[in-house]
Amino acid sequence: MLPEKQQLHKYVITEGHSKTLGATIEKDGVNFAVWCPAASIIELLLFKDIDDCEPDIITLASPLFRSTYYWHVKVKGIKAGQIYAWRIKEALRTYKFAQSHVELGKVLLDPYGKRVLFPKAYRRFQTDDPQENLKISAKSAVVDLDDYDWELDVSPRHPLNRTIIYEMHVKGFTAHQSSNLPPQLRGTYRGLIEKIPYLVDLGITAVEFLPIFQYDSDDALPGKKNYWGYCPMAFFAPHEAYAQDKSLMGPLNEFRDLVKALHRNGIEVILDVVYNHTSEGDQNGPVYCFKGFDKQSYYIIDDHGNYGNYSGCGNTFNANNSVVRNLIIDSLIFWKEEMHIDGFRFDLASILSRDEQGRPIANAPTLLDIDINPRLADTKIIAEPWDAGGLYQVGNIAGSKWREWNGKFRDTVRAFMRGDPGNIKDFVTKLLGSPDIYNEKIIDPQKSVNFITCHDGFTLWDLVAYSHKHNEANGENGRDGCNNNYSANYGVEGESDDTGLNELRLRQAKNMMALTLISLGTSMITMGDEVLRTQRGNNNAYCQDNDTSYMHWNFTEHQLEMHNFTRRLIHYRTIRTKHRSRNNGPQIKMLDSVLRSTKLQWHGVKPYQPDWSDHSHSIGLIYYWGTYNVFTYIFVNAYWQDLEVELPPVPGYVNRHWYRLIDTSLPAPNEIKSFLTNDKHSAGEIMKIKARSIVMMISSAF
């Protein structure tokens, strides 16, 4: 039996309303509302402090406090700072299988709670003792979202053709002692503010944060911590551990300070959001929130009570259930309007296209609702278009606004630059915005988000230093992490003192960074790739909350060389597209028409004789660069030997010269030159293109 108290006379209680879910501060009190169709009696628990084990209990049983599926109560005389939770006391007997839908006696977070607090005695797993659960459970807190001065904050709203995304981990960026920040600032929102000048100097226009929703850091094997954060507990609350200030409003306001500071420096904020699963796991997982209110609605569960696991993390959020769909939309709107977020990257977005039985559906309601919602109209919406259940939807995510992580770009470029045969045709299409995938999309040509690496997999340096993953530290006996990485060590597995080998690896890193930034589409690079950050071959560092995952700031000579190369490449990338952004609006046209306007020509080692055979490892192309009214000639040599290449003529001219802008085979700093370079070459000249290198040349079109 649950402990009971009499209705407390010190509170003035009215029926409240269900207009807004969560805890809403009103003029004379707080209105609480929650969705729970399977309960006949529900309790609102009001705590004096986070460690209070004897809360005041407001028992809601009368129809006065219920509007169909919603429970609501207004408590007068309380305000921001009130700690609270919900508890189901009795299931509705007339509701079919209600007893199996809810969890009686568990202390439950508010699904719309904006702040999660943890008591000193916190434990992940609640017990069968309701009194014990009051002591060990996380709770929600009432917050006043209006108590913050945004000043004159304005989103930079960069068009996608000028966007350079930097995927990063909030903690990992500054947690290492080499960041030279005071210990209390390392790994925090505030600490990241101190490093904004670094991002500005690099040329970054948008940061993409790995999850910052409050997550369960203990969702990992015993002795490990979940570092990445793909295990949310709450979809409206910022992660407390990233805040230096852990007071009631500390995480909220410190994160908003970070957003405001980034905006002030012309950098947008994109959140990596996880709406495909939660940290509650399967039937053996903990109960925080959703399982307690209605597990059959919030999760995909079969007739035998088994949790569908299309996320690879134990459960699958039932995204196309109407209540869950509303929660996802409301969460996005909260982060957009209250936290000034500029965009979202959806982890395993294909799960959002599965129905309540886990079957893929065309034109999934949740994906389309996100696509067309007017309150999200000016946000960037990016999908990871696959899931762990085998659904792969690159090019097929429902809705026209969605952009996609292009996994085919990543794999094709890696394979071609490694020297794999049979990739030449796929390679060139990926450089051109993947018209084989997106040509029929009536949308601006930045549909494809091009990347070589991301948080999940090898870093750029490890991609050229390891042929196999080395995940021993994760404790899963090598079962975790992808086995097919299209990587190569070029002779020695891991770190080496061989000067020639390290120069080759550095050149390959430069090649892949260059291809990411000169390709048509939206460019994304990963934290630390610009300085050759290594994870020592670990390609699934989700549980490595340590130096393995952190950014190290004491750069070597090679790291500084890579940084300078990347910074100058980004500069060329952004000026190349600057003219298109004068009206701050997109180009709405088919990718095919964009490609025709570039006046493409294909070349091999001889002009106009490209080698399209499966054994080809090189290609040359000329396109028109309208910003400066110049033609650009690029030659990619992924072959393991030098090639002698006859330079083609500048289109329409006989005696016009080419000027070498980039040559990844040259020693720094000559591998990338000033736009006013005097490195002049004539059409018909035989140029030696070094093995595994890229050359880019320009010539005036007037």
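- Take Tyr466 and apply the ring pair (Phe, Tyr, Trp, His ring centres under 6.0 Å) test, not counting sequence neighbours, and it matches His470.
- Residue Asp149 qualifies as enclosed at atom CG: its count of foreign heavy atoms under 6.0 Å is above 12.
- A distance of 10.0 Å separates CD1 in Ile193 from CD in Gln244, rounded to the nearest 0.5 Å.
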**Request:** Check the pair Asp378, Lys336 against side chain to side chain contact (heavy atoms under 4.5 Å, CB included), reporting the backbone distance first and the verdict last.
**Result:** CA-CA 10 Å; Asp378 58 349; Lys336 166 67 170 61; 2.9 Å; yes

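- At distances below 3.5 Å, not a single donor-acceptor pair connects side-chain atoms of Lys447 with backbone N or O atoms of Ser434.
- The side-chain contact (heavy atoms from CB on, under 4.5 Å) check on Asn373 picks up Ile329, Ile333, Arg375, Leu376, with sequence neighbours excluded.
- For Ser665, the side-chain contact (heavy atoms from CB on, under 4.5 Å) partners are Arg507, Asp663, Lys690, Ser693, not counting sequence neighbours.
- You'll find the side chain of Arg162 reaches within 4.5 Å of the side chain of Pro159, heavy atoms only.
- Applying the salt bridge (charged side-chain N to carboxylate O under 4.0 Å, His left out) test to every pair with at least one member in residues 516-542, sequence neighbours left out, gives these pairs: Glu495-Arg536.
- Using a 4.5 Å cut-off on side-chain heavy atoms (C-beta onward), Ile518 and Ile634 make contact.
- Here the side chains of Leu460 and Ile452 are in contact, with some heavy-atom distance below 4.5 Å.
- Ion pairing of Asp272 with Arg345 is present here, as a side-chain N (NZ or NE/NH1/NH2) and a carboxylate O approach within less than 4.0 Å.
- Between Trp228 and Tyr230, the two ring planes are perpendicular [angle over 60°; tilted spans 30° to 60°].
- Ion pairing of Asp342 with Lys380 is absent here, as no side-chain N (NZ or NE/NH1/NH2) approaches a carboxylate O to less than 4.0 Å.
- No side-chain N or O of Asn253 forms a donor-acceptor pair with one of Asp245 less than 3.5 Å apart.
- There is a side-chain donor-acceptor pair under 3.5 Å between His455 and Glu167.
- Here Asn450 pairs with Ser448 under the side-chain hydrogen bond (donor to acceptor under 3.5 Å, both in side chains) rule; sequence neighbours left out.
- Remark: Lys680 fails to qualify as a cation-pi partner of Tyr659 under the 6.0 Å distance and 45° angle criteria applied to the six-membered ring.
- For the pair Thr174 and Arg186, the tightest heavy-atom approach, listed with the atom from each and the gap, is O-CB, 3.4 Å.
- A search for side-chain hydrogen bond (donor to acceptor under 3.5 Å, both in side chains) contacts involving Tyr550 returns Asp545, not counting sequence neighbours.
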**Message:** Evaluate His169 against Tyr242 for side chain to side chain contact (heavy atoms under 4.5 Å, CB included), listing each step before the verdict.
**Reply:** CA-CA 10 Å; His169 191 284; Tyr242 295 161; 3.1 Å; yes

**Asked** Given the rule in the side chain to side chain contact (heavy atoms under 4.5 Å, CB included) test, do Met339 and Phe334 qualify, once you have shown the distances and angles that lead to the verdict?
**Response** CA-CA 7 Å; Met339 308 298 277; Phe334 164 77; 3.9 Å; yes

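- Closest approach of Asn265 and Val200 over heavy atoms only: CB-CG2, 3.8 Å.
- Between Ala638 and Arg692, the closest heavy-atom pair is O-CG, 4.0 Å.
- The pair Glu561-Lys510 meets the salt-bridge criterion, since a charged nitrogen lies less than 4.0 angstrom from a carboxylate oxygen.
- Side chains of Thr453 and Thr526: a donor on one and an acceptor on the other come within 3.5 Å.
- Of the N and O atoms on the side chains of Thr548 and Asn546, at least one donor lies less than 3.5 Å from an acceptor on the other residue.
- No hydrogens or angles considered: nothing links the side chains of Asn502 and Tyr490 as a donor-acceptor pair under 3.5 Å.
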**Request:** Check step by step if side chain to side chain contact (heavy atoms under 4.5 Å, CB included) holds for Asp679 and Met697.
**Result:** CA-CA 9 Å; Asp679 190 350; Met697 312 181 88; over 6 Å; no

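- Shown here are the side-chain contact (heavy atoms from CB on, under 4.5 Å) partners of Leu431, two or more places apart in sequence or in another chain: Phe427, Leu515, Ser519.
- Ring geometry for Phe213 versus Trp335: interplanar angle under 30°, hence parallel rather than tilted (30 to 60°).
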**Request:** Go through Arg115 and Glu240 one step at a time and tell me if the salt bridge (charged side-chain N to carboxylate O under 4.0 Å, His left out) criterion holds.
**Result:** CA-CA 8 Å; Arg115 184 76 166 86; Glu240 179 186 78; 3.0 Å; yes

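- Not one N or O on the side chain of Thr188 forms a donor-acceptor pair closer than 3.5 Å with the backbone of Ala243.
- Ring pair Phe555/Trp553 is tilted by interplanar angle, where 30° to 60° counts as tilted.
- One N or O on the side chain of His176 and one on the backbone of Ser178 form a donor-acceptor pair closer than 3.5 Å.
- The backbone N or O of Ala80 lies less than 3.5 Å from no partner atom in the side chain of Asp144, so there is not a single donor-acceptor pair.
- Not one N or O on the side chain of Glu671 forms a donor-acceptor pair closer than 3.5 Å with the backbone of Leu666.
- Side-chain polar atoms of Asp219 and Ser279 form no donor-acceptor pair below 3.5 angstrom.
- Between the side chain of Lys430 and the main chain of Asn406, no donor-acceptor pair closer than 3.5 Å is present.
- For Tyr486, there are no ring pair (Phe, Tyr, Trp, His ring centres under 6.0 Å) partners at least two apart in sequence or on another chain.
- Every ring pair (Phe, Tyr, Trp, His ring centres under 6.0 Å) that Phe451 has, sequence neighbours left out, goes to Trp405.
- The closest donor-acceptor contact from the side chain of Asn474 to the backbone of Asn540 lies under 3.5 Å.
- A donor and an acceptor atom, one from each side chain of Asp257 and Tyr189, are nowhere located under 3.5 Å apart.
- Listed by chain and residue number, nothing satisfies the ring pair (Phe, Tyr, Trp, His ring centres under 6.0 Å) test with Trp461 (two or more places apart in sequence, or in another chain).
- Under a 3.5 Å cut-off, the side chain of Arg505 and the backbone N or O of Val464 do form a donor-acceptor pair.
- Contact record, Phe565 with Ala514: CZ-CB, 4.4 Å, taken as the closest heavy-atom pair.
- Under 3.5 Å, the side chains of Trp402 and Glu404 contain no donor-acceptor pair of N or O atoms.
- Scored by the side-chain contact (heavy atoms from CB on, under 4.5 Å) test, Arg264 finds Glu151, Lys260, Ala261 as partners (sequence neighbours excluded).
- Applying the side-chain hydrogen bond (donor to acceptor under 3.5 Å, both in side chains) test to Asn539 and every residue at least two apart in sequence or in another chain returns Asn471, Asn485.
- In this structure a side-chain-to-backbone donor-acceptor pair under 3.5 Å is missing from Ser496 to Val492.
- The backbone N or O of Val531 sits less than 3.5 Å from a side-chain atom of Gln559, completing a donor-acceptor pair.
- Taking the six-membered ring wherever Trp is involved, the centroid distance between the rings of His239 and Phe209 does not fall below 6.0 Å.
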